Chemist: 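Can you keep this structure in mind? I'll have questions shortly.
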Amino acid sequence: MGYVKETFRAKADEQVKEIKSLLEQHGNKSLGEVTIAQAYQGMRGIPGLITETSLLDSNEGIRFRGFSIPELRQKLPKAEGGKEPLPEGLFYLMLIGEVPTQEDVDHISATWARRSHVPNHVFDVIESLPISTHPMTQFCVAVLALQTESKFAKAYTEGISKKQHWDYVYEDTMTLIARLPRIAAYIYRRKYKNGDHIQPDGMLDWSANFAHMMGFNNDSFKELMRLYLTIHADHEGGNVSAHATHLVGSALSDPYLSFAAGMTGLAGPLHGLANQEVIRWIEEMCAELNTQQPSKEQIAEYIKKTLAEGKVVPGYGHAVLRKTDPRFTAQMEFAKTHCPEDPIVQTVWNVYEVAPPILENTGKIKNPWPNVDAHSGALLKHYGLVEEDFYTVLFGVSRALGVLASLCWDRALGFPLERPKSMTTEWIKEFVAKETVA
Ligand SMILES: CC(C)(COP(=O)(O)OP(=O)(O)OC[C@H]1O[C@@H](n2cnc3c(N)ncnc32)[C@H](O)[C@@H]1OP(=O)(O)O)[C@@H](O)C(=O)NCCC(=O)NCCS
């Protein structure tokens, strides 16, 4: 067993004991009440899930095992000569709960490089889809095709004890994460670069190799990929991609099946697809106004027009956050260092100045501040990754780190099948009638 796996097992054993004692002593304590409105309105704010990898504060934003994004940028190991954190380090932090050393991160990089070979049938399955297929659909299909490799599914069929589940889920997690950049880059080169594929370079870290296979060898783009793949990895457990992965995993579907469920959720416009919507919205605005750089007044008018047409301003608002997303701020800081003069980047900053008060004035939008998606597209465009349909795939490769680290925890802690109670409106009406009489 590798030492990261052993450390994980030891941490999980301690946690199992702690949870057992918590449940014995406090299992009956209430975490809060559930209102009828919450049941109808997307279960917002209902505490009902345990996710160990990260926790979201509505004002402060995400913390991974207690560390904010600015802290991660400072504390996590970097590539040689680089300034941005390596996502391998974030994965270690989410899995083990401790900041990794350079050696830990190098170990994970090497493990993923070693396991990155994708079997040919996966490429054949991708090739069987029409080229026009959305990259996220190609990605989901490829992940499902890769399920033939699941060690968990095989072991489960052969018969294993519940105590061994985590072991096979861990192995599948490491192999799946290792292979995702190759699959994603293959889809990118197939769809946008005439199928002119680039072989992996086993000497590079996970992000740099991904950049290389997509065809980007600029050092500053590799740094962007390290930052991007770090900040998109996790956002606690209730968001659609994390919750879907966890839910499907609770049926003991293997990591490939569970992650594919998360990815079909990430492909939705209210979740991961918003980053492509943002850049389209900016480009449509520029086209309509016939300028590369609209003024703040023009942007304000365009936002009002978008709202008047009953459309959302993409990249703004959040189900939980109530302040500027620190993932937006991290990208803004990156852009200030690497590409402050870029006209699309400047437009993103101008939207940030004018949009919040306009959105706030509608009186209904709970969070008028930008989320992670408001900035990412502008940075990618700057470096020439202009195919915005592909952006959600990048998000998906990153999201694997969080949701699969969580899935390892789910199985190590022996979490059961998830099965919340649902009601009919008829039931609610009867309930209300009884409550009113009482
Ligand atoms: C993220 C999002 C789905 C959260 O939804 P939510 O929790 O229901 O948000 P709210 O409670 O603030 O929504 C209240 C109202 O404001 C609207 N609203 C929220 N964000 C809005 C935005 N950016 N532009 C216009 N209207 C918005 C909602 O559509 C809703 O309108 P309705 O009552 O007519 O249905 C929503 O803010 C959104 O659609 N944003 C744009 C897409 C986006 O950036 N998604 C990426 C999320 S990381």
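None of these values were measured; they are calculated from a predicted model. Order of listing sets the numbers, starting from 1, for every ligand and every atom in it.
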Chemist: Got a sec: does the CG of N59 have more than 12 other heavy atoms crowding it under 6.0 Å?
Modeler: yes
Chemist: Within ligand 1, which atoms have a heavy atom of L270 less than 4.0 Å away?
Modeler: 39 (O), 45 (N), 46 (C), 47 (C)
Chemist: Please work out whether the ring planes of W166 and Y170 are parallel, tilted or perpendicular, with thresholds of 30° and 60°.
Modeler: perpendicular
Chemist: With heavy atoms only and a cut-off of under 4.0 Å, state how V312 meets ligand 1: side chain, backbone, both or neither.
Modeler: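 Looking at V312 and ligand 1, atoms from backbone and side chain both fall under 4.0 Å.
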Chemist: Just to confirm, does any protein heavy atom lie below 4.0 Å from atom 30 (C) of ligand 1?
Modeler: no
Chemist: Give the residue and atom name of whichever protein heavy atom lies nearest to atom 41 (C) of ligand 1, and the separation in Å to one decimal.
Modeler: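 Closest protein heavy atom to atom 41 (C) of ligand 1: Y316 O, 3.4 Å.
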Chemist: Do protein heavy atoms approach atom 16 (O) of ligand 1 to less than 4.0 Å?
Modeler: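 Neighbour list for atom 16 (O) of ligand 1 includes protein heavy atoms (cut-off 4.0 Å).
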Chemist: Look only at interatomic distance and state if H271 has a nitrogen or oxygen under 3.5 Å from any nitrogen or oxygen of ligand 1.
Modeler: no
Chemist: Apply ring pair (Phe, Tyr, Trp, His ring centres under 6.0 Å) to residues F152 and Y256 and explain how you reach the verdict.
Modeler: CA-CA 10 Å; F152 178 86; Y256 296 85; over 10 Å; no
Chemist: What about K311: any of its N or O atoms under 3.5 Å from an N or O on ligand 1?
Modeler: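 For ligand 1, there is no N or O atom that lies under 3.5 Å from one belonging to K311.
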Chemist: Report, in ascending order of atom number, the atoms of ligand 1 lying under 4.0 Å from any heavy atom of G315.
Modeler: 43 (C), 44 (O)
Chemist: Counting heavy atoms not belonging to K83, are there more than 12 under 6.0 Å from its NZ?
Modeler: no
Chemist: Step through the shown structure and confirm whether more than 12 heavy atoms of other residues, nucleotides or ligands are within 6.0 Å of CD on E309.
Modeler: yes
Chemist: If you count every heavy atom of other residues, nucleotides or ligands that lies below 6.0 Å from E71 atom CD, does the total exceed 12?
Modeler: yes
Chemist: Which atoms of ligand 1 are found less than 4.0 Å from any heavy atom of D373?
Modeler: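 Checking each atom against D373, I get 46 (C), 48 (S).
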Chemist: Minimum distance, heavy atoms only, to atom 27 (C) of ligand 1: which one of L273, L321, V278, I365 is it?
Modeler: I365
Chemist: Kindly indicate, with the supporting measurements, whether the criterion side-chain hydrogen bond (donor to acceptor under 3.5 Å, both in side chains) is fulfilled by H134 and Q276.
Modeler: CA-CA 12 Å; H134 192 281; Q276 77 174 44; 3.2 Å; yes
Chemist: With a 4.0 Å cut-off on heavy atoms, is V372 touching ligand 1?
Modeler: no
Chemist: Dump the intermediate steps for ring pair (Phe, Tyr, Trp, His ring centres under 6.0 Å) on H271 and H235, then the final yes or no.
Modeler: CA-CA 12 Å; H271 190 18; H235 220 222; 9.1 Å; no
Chemist: Measure the CD1-CD1 distance between I62 and I231 for me, rounded to the nearest 0.5 Å.
Modeler: 12.0 Å
Chemist: Should the pair E283-R280 be classified as a salt bridge under the 4.0 Å nitrogen-to-oxygen rule?
Modeler: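 Not counted as a salt bridge, because no side-chain N and carboxylate O are separated by less than 4.0 Å.
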Chemist: Does some non-hydrogen atom of the protein lie less than 4.0 angstrom from atom 9 (O) of ligand 1?
Modeler: no
Chemist: If the plane angle is over 60° it's perpendicular, under 30° parallel, otherwise tilted; pick one for H197 and Y186.
Modeler: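 Plane angle under 30°, so parallel.
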Chemist: With nothing but distance in play, are any N or O atoms of V313 less than 3.5 Å from an N or O of ligand 1?
Modeler: yes
Chemist: Among the heavy atoms of R44, does any lie under 4.0 Å from an atom of ligand 1?
Modeler: yes
Chemist: Evaluate the 4.0 Å heavy atom contact test for atom 46 (C) of ligand 1: does a protein atom fall under the cut-off?
Modeler: yes
Chemist: Indicate yes or no: does an N/O atom of N367 lie under 3.5 Å from an N/O atom of ligand 1?
Modeler: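 Looking only at distances, the answer is no, because the N/O contact criterion of under 3.5 Å is not met.
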Chemist: Find all atoms of ligand 1 within a distance of less than 4.0 Å from any non-hydrogen atom belonging to L307, and give their numbers and elements.
Modeler: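 Heavy-atom distances to L307 below 4.0 Å select 25 (C).
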Chemist: Please classify the A274 to ligand 1 contact at 4.0 Å (heavy-atom distances, strictly less than): side chain, backbone, both or neither.
Modeler: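 For A274, the contact with ligand 1 is made by the side chain alone.
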Chemist: Decide if the gap between the ring center of Y302 and the ring center of W281 is smaller than 6.0 angstrom.
Modeler: yes
Chemist: At less than 4.0 angstrom from any non-hydrogen atom of K366, what atoms of ligand 1 do you find?
Modeler: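 Reading through ligand 1 atom by atom, the close ones are 11 (O), 12 (O).
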Chemist: May I ask you to decide if S376's main-chain N or O and Q331's side chain share a donor-acceptor pair within less than 3.5 Å?
Modeler: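 Answer holds: yes.
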Chemist: For atom 13 (O) of ligand 1, what is the nearest protein heavy atom, given as residue, atom name and distance?
Modeler: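 Protein heavy atom at minimum distance: K364 O, 4.4 Å.
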Chemist: Name the option, out of G317, G268, P370, that contains the heavy atom nearest to atom 1 (C) of ligand 1.
Modeler: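 It is G317 that holds the nearest heavy atom.
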